[in-house]
Structures are given as C-alpha cells and as structure tokens.
Engineer: 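Supplied in structure tokens, the structure appears directly below.
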Amino acid sequence: MTPEEAVLVLKALGFQKDTQIYIAAGEIFGGAKRLALLKESFPRIVSCITFNIKHFGNDLVMMVTCWFFR
C-alpha cells in the first residue's frame, strides 16, 4: 500500500488527524516527498527508524515488527 492509499483508507475508516501512525517498514521508496500527504493528513507518524527502544515499553509485538522489517 502506498502512503497515498493509506491516507484514503485511514480517512475512509474514520481515523482522526491526531491518530498516531506506525510505519513498520524501513525507508519508504521516494522518501520524504512520498510521505508528504501522509504526514500532512496524520502528523503523528513514527517509524522504526525514528523509534527508540525505550518507546516500546511492554509492546513486544511492535518491537518484533520493527526488528523484522529492518
């Protein structure tokens, strides 16, 4: 799913602008330019690249997901 498609799906499902979005993949093809619409629509984006291990707390699923996609 592209970042643009993700915006359409999330908005159609009723997610609000303050929803935190986790990107489990590594670098997105096209970089920041490609993520512009997603960041504009959902500014609370966190990726495995920017996410520090201390943020995981007890969320083992998120930790393993980020480890797997690195």
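We count residues from 1, following the sequence as given. Basis for what follows: all heavy atoms, side chains included, without hydrogens, waters or symmetry-related copies.
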Engineer: Is there a continuous path of hydrophobic side-chain contacts, each under 4.5 Å between heavy atoms, that joins Leu13 to Leu8?
Structural biologist: no

Engineer: Mind listing the closest non-hydrogen atom pair of Arg34 and Pro3 along with its distance?
Structural biologist: O-CB, 3.6 Å

Engineer: Could you give the distance from CD (Gln16) to CZ (Phe42), rounded to the nearest 0.5 Å?
Structural biologist: 8.5 Å

Engineer: Under the 3.5 angstrom rule, does the side chain of Ser41 hit a backbone N or O of Leu38 as a donor-acceptor pair?
Structural biologist: no

Engineer: Considering only heavy atoms from C-beta outward, does the side chain of Ile23 approach that of Ile45 to under 4.5 Å?
Structural biologist: yes

Engineer: Between Arg44 (side chain only) and Asp18 (backbone N and O only), is there a donor and an acceptor less than 3.5 Å apart?
Structural biologist: yes

Engineer: Could I get the full list of side chain to side chain donor-acceptor pair (under 3.5 Å) partners for Thr2, not counting sequence neighbours?
Structural biologist: Glu4, Glu5

Engineer: Measure from the side-chain N and O atoms of Lys39 to the backbone N and O of Ala32, and report whether any donor-acceptor pair falls under 3.5 Å.
Structural biologist: no

